[in-house]
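Have a look at the structure below, then the notes.
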Amino acid sequence: MKALRDLSLGTLDPSYCQAEEGSNNAYAPRQGLPALVQLLGARFAVDASEVLVTAGASMGLTCAFLTCPPARPILLPSPGFPAYEATLRLLGRSVITYKLDHNWDANVLRMIEQEIPAAVLLNSPGNPLGNVITDQQRQTVCDVAQACCVTLILDETYAGLEFSGSASTGPLLGEATGVIRIGSFSKRFAQPGLRIGYVIAGPKTCRQMTDINWVLAMSPCVSSQLAAADLLMAEVKNPGRIKNTAGQLEASADLAMATLATHGIAALRPNGGPLLWIEFPGAQSTGAQLAAHCMEHASVIASPGEAFRRQGPPAIRCSYAIARYDIPAVFDRLGAALARWKSENSN
């Protein structure tokens, strides 16, 4: 039998360009490099047919949204990551929200049963609040969503960075009917430049998303996928690495909050991830004005609360995942600026 030759893609053999043979001389397979796909399958205790490698978690989310029936809305958290709604608006999909408060799980269950959305999105650890969904809460939402034929999309971009006592064991493992899981190498591996995300879903959904992903973005860079595979292998060899990272982040959160507290500034303590949420009930201003004040008086760039669909008092979101030795000085500047702003804008 003659050797199979692929003439379907318009790529040039390296000899035309006097280029050396290397990992980037061909497109990666549609689903992702087999080595990375196999490693991700093993990591999440699923078959390789349930794995898709994407150009960042954002592309995974886009593909997930496009599998949902267009006639029904997508249920999103509020406040939530701005790209959720921005992507859905770009796709022409409608959006409804559930409020992230101490009754968030009751809120989302009520919305699922009343509105029957195409999908509901949960984000844990959350962006911007740093909230963490317990295993029991996740299972309850999953059961209700499945009973109502609603897809559950889990954004696990920060999964594995849950703090001690959060009542979460981290990302979901094993098969889960009606669930699409989205992950990334940008955050917990601290490698945003790789632009490697992944999807864990049932075989049928994964095949559908693979087709969508190929149309929109083809396959991520081969060298990036190889680097991602190396990162996963390193974690297999040193399983304590991710726990150590979460522990260091928790210590940094405590240090940042303690520094702010010396200026009388309280932040919402996160249960995971690298973000702090600071808001000022009763203040007569906006999050955008607050962020501008931080830039002018502390030389600190923070995100205004309005960017996260926050309807409420002025707030900012900032990351404390900077080098530990920088935290006291940076958050001292920020705390002083926030204390000044608070005195000028409070009732």
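In this structure, L109 and V141 have side chains that are in contact, with non-hydrogen atoms separated by less than 4.5 Å. With contacts defined as side-chain heavy-atom distances shorter than 4.5 Å, the pair L33/V53 does not qualify. Using a 4.5 Å cut-off on side-chain heavy atoms (C-beta onward), L66 and L216 make contact. No side-chain heavy atom of R317 sits less than 4.5 Å from a side-chain heavy atom of L276. Using a 4.5 Å heavy-atom cutoff, the side chains of I278 and L268 are not in contact. In this structure the side chain of L75 never reaches within 4.5 angstrom of the side chain of E115, judged on heavy atoms. Between Y320 and P270 the shortest side-chain heavy-atom distance falls below 4.5 Å. The closest side-chain heavy-atom distance from I74 to L76 is below 4.5 Å.
With hydrogens and angles disregarded, a donor-acceptor distance shorter than 3.5 Å links the side chain of T245 to the backbone of R241. A donor-acceptor pair is defined here as one N or O able to donate and one able to accept, closer than 3.5 Å; such a pair exists between the side chain of S224 and the backbone of L194. The backbone N or O of I133 sits less than 3.5 Å from a side-chain atom of S124, completing a donor-acceptor pair. Formation of a donor-acceptor pair under 3.5 Å by the N345 side chain with backbone atoms of W341 is found in this model. A distance-only check finds no donor-acceptor pair linking the side chain of R181 to the backbone of E156 [under 3.5 Å]. Of the possible polar contacts, none joining the N103 side chain to the A106 backbone as a donor-acceptor pair under 3.5 Å is found.
In this structure, a donor-acceptor pair under 3.5 Å is absent between the side chains of Y158 and N123. D135 and Q139 form no side-chain donor-acceptor contact under 3.5 Å, judged by distance and modelled atom types alone. For S168 and S166, the side-chain atoms include no donor-acceptor pair closer than 3.5 Å. Donor-acceptor pairing under 3.5 Å is lacking for the side chains of N131 and N271. For the residue pair S252/Q248, the side-chain donor-acceptor check at 3.5 Å is not satisfied.
Aromatic ring pairs are classed by plane angle as parallel below 30°, tilted from 30° to 60° and perpendicular above 60°; the pair F44 and Y198 is tilted. Under the 30°/60° scheme for interplanar angles, the aromatic rings of F308 and W277 are found to stand perpendicular.
For the atom pair L154 CG and L172 CG, the distance stands at 6.5 Å (nearest 0.5 Å). The CZ atom of F65 sits 7.0 Å away from the OG1 atom of T62 when rounded to the nearest 0.5 Å. Remark: I327 CD1 to L260 CG distance equals 10.5 Å, nearest 0.5 Å.
Tested against T140, the residues Q137, R138, Q136 include a single side chain to side chain donor-acceptor pair (under 3.5 Å) partner, Q136. Here the options are N213, L52, T67, the test is side-chain contact (heavy atoms from CB on, under 4.5 Å), and the partner is Q208; only T67 passes.
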Would R195 and C221 count as a side-chain contact (heavy atoms from CB on, under 4.5 Å) here? Give the steps.
CA-CA 8 Å; R195 299 305 302 140; C221 173; over 6 Å; no
Assess the residue pair E250 and S164 against the criterion (side-chain hydrogen bond (donor to acceptor under 3.5 Å, both in side chains)); give the C-alpha distance rounded to whole Å, side-chain angles, the decisive distance to 0.1 Å, and a yes or no.
CA-CA 8 Å; E250 186 171 11; S164 57; 3.2 Å; yes
From CA spacing to verdict: side-chain contact (heavy atoms from CB on, under 4.5 Å), E235, F189:
CA-CA 10 Å; E235 188 172 84; F189 287 102; 3.7 Å; yes
Show your reasoning for whether side-chain contact (heavy atoms from CB on, under 4.5 Å) applies to L338 and L290.
CA-CA 8 Å; L338 290 174; L290 174 57; 3.6 Å; yes
Begin from the C-alpha positions of M218 and Y27 and carry the test side-chain contact (heavy atoms from CB on, under 4.5 Å) through to its verdict.
CA-CA 8 Å; M218 298 188 73; Y27 293 115; 3.9 Å; yes
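Residues passing the salt bridge (Lys or Arg N to Asp or Glu O under 4.0 Å) test with R309 are E85, sequence neighbours excluded. Partners of F163 under the ring pair (Phe, Tyr, Trp, His ring centres under 6.0 Å) rule, at least two apart in sequence or in another chain, do not exist in this structure.
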Side-chain atoms of residues 291-304: list all donor-acceptor pairs with protein atoms under 3.5 Å, sequence neighbours left out, distances to 0.1 Å.
from, atom 1, to, atom 2, distance (Å)
H293, NE2, A337, O, 2.8
H297, ND1, R340, NH1, 3.1

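Considering all non-hydrogen atoms of both residues, A246 and G160 come closest at CB-O, 3.9 Å. Scanning all heavy atoms of the two residues, the minimum distance from E279 to A315 falls at CB-CB, 3.4 Å.
Surrounding CD of E306 are more than 12 heavy atoms belonging to other residues, nucleotides or ligands, all under 6.0 Å away.
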